[in-house]
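Remember, it's 1-based here, ligands and their atoms both numbered in the order they're listed. Numbering of residues begins at 1 and proceeds along the displayed sequence. No hydrogens, no waters, no symmetry mates; every other heavy atom, side chains included, goes into these values.
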Amino acid sequence: MTRILLIEDNASLAEFIGKGLKAAGFGVDGFGTAEEGASAAESLAYDAIVLDLGLPDRDGIDLLRDLRRRGRRVPVLILTARDDIDDRVRGLDAGADDYVVKPFAMKELSARLRALLRRPGAVLGNVLSVANVTLDTVARQLMVDGQAAALSRREFDLLQLLMRAAGRVVGKRAIEDKIYGFAEEITPNAVETLISRLRKRLASSGAALSIHTMRGVGYLLKE
Ligand code: CA
């Protein structure tokens, strides 16, 4: 499920947006302060963030700048007041991807979010999602159903390779080339061993993904 982080301090507006996004098929976590929002953004790989700029404890633009400074490329849509063009400009300068002006229709917000999620950045970018599995390739964090799960460096690289292939078979040779360095001695069954370790990790963390062996060809990741 596509997960949205909503940071909005106005309780009734937050409820309205939360309900609307859920009805549009998104998973939503809502927080009313910049501090809570920032720590949620750090701990989970959200697909997008809806950010109000006027928050009680800290300017939303500050929070956004912080995220970008730390290399987080998650799409961010800011909510701004109708008469505040400066806010919009400051927000976009700070790294927002889009904005919606209050008051807005829920339909508009959902449509804008979908457009953001369709951008190549979200598809080819830093956060990969298949089934209940999200891979944040910047933070190098695997999440299954929103829970962090551990992977070794090579298991992570392999999963990323398979997820980026998105339903195509990845050859054994391609895996060797991408995962192992030039100077590394690769034993004949290194890839098989790594695949089998990754399969166990995925199974034990409850990931709804499986890795199929296409005999003589390579491997295919399936939901
Ligand atoms: Ca506010």
Side-chain angles (χ1 to χ4, degrees), residues 1-123 125-129 132 134 136-139 141 143 145-148:
M1 180 186 273
T2 305
R3 297 202 69 82
I4 309 293
L5 172 61
L6 171 64
I7 309 173
E8 165 63 69
D9 63 314
N10 180 317
S12 58
L13 185 56
E15 197 191 337
F16 166 76
I17 297 172
K19 274 188 187 158
L21 291 179
K22 280 175 195 157
F26 296 111
V28 185
D29 290 337
F31 296 95
T33 66
E35 193 192 342
E36 291 170 309
S39 80
E42 276 306 300
S43 56
L44 262 185
Y46 286 97
D47 297 291
I49 298 176
V50 176
L51 176 66
D52 177 38
L53 295 186
L55 294 168
D57 52 334
R58 203 174 143 205
D59 192 342
I61 286 178
D62 258 14
L63 189 162
L64 175 57
R65 228 176 250 134
D66 255 18
L67 273 179
R68 297 304 189 220
R69 212 175 281 140
R70 266 174 281 176
R72 307 297 295 261
R73 299 270 182 80
V74 55
V76 174
L77 185 149
I78 53 176
L79 304 175
T80 71
R82 175 176 292 280
D83 49 359
D84 209 338
I85 293 168
D86 280 357
D87 256 10
R88 245 166 275 169
V89 173
R90 286 198 308 137
L92 294 171
D93 282 349
D97 299 276
D98 199 1
Y99 63 87
V100 168
V101 177
K102 293 178 189 177
F104 51 84
M106 204 45 234
K107 252 171 133 177
E108 188 193 352
L109 180 59
S110 304
R112 294 284 195 85
L113 269 178
R114 279 201 201 87
L116 274 188
L117 293 164
R118 272 198 305 269
R119 280 189 188 172
V123 182
N126 298 319
V127 178
L128 311 172
S129 282
N132 63 346
T134 301
D136 183 333
T137 63
V138 174
Q141 179 66 65
M143 310 288 296
D145 280 325
Q147 300 293 313

Engineer: Under 6.0 Å from the CD atom of E108, do we count more than 12 heavy atoms belonging to anything else shown?
Structural biologist: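 Yes, CD of E108 has more than 12 neighbouring heavy atoms, counting only those of other groups under 6.0 Å.
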Engineer: Hey, which of I49, D29, I17, L113 is the one that makes side-chain contact (heavy atoms from CB on, under 4.5 Å) with I4?
Structural biologist: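 Answer after filtering I49, D29, I17, L113: L113.
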Engineer: In D52, which N, O or S atom comes closest to the Ca ion (ligand 1)?
Structural biologist: OD2
Engineer: Is G54 close enough to the Ca ion (ligand 1) to have an N, O or S atom under 3.0 Å?
Structural biologist: yes
Engineer: Would you check if the Ca ion (ligand 1) lies under 3.0 Å from any N, O or S atom of E8?
Structural biologist: no
Engineer: Applying side-chain hydrogen bond (donor to acceptor under 3.5 Å, both in side chains) to D136 and T134, what does each step give before you reach the verdict?
Structural biologist: CA-CA 6 Å; D136 183 333; T134 301; over 6 Å; no
Engineer: Between the Ca ion (ligand 1) and D9, which N, O or S atom of the residue is the nearest one?
Structural biologist: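 Of all N, O or S atoms belonging to D9, OD1 is the one nearest the Ca ion (ligand 1).
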Engineer: Looking at R58 and D9, does any basic side-chain N land under 4.0 Å from a carboxylate oxygen?
Structural biologist: no
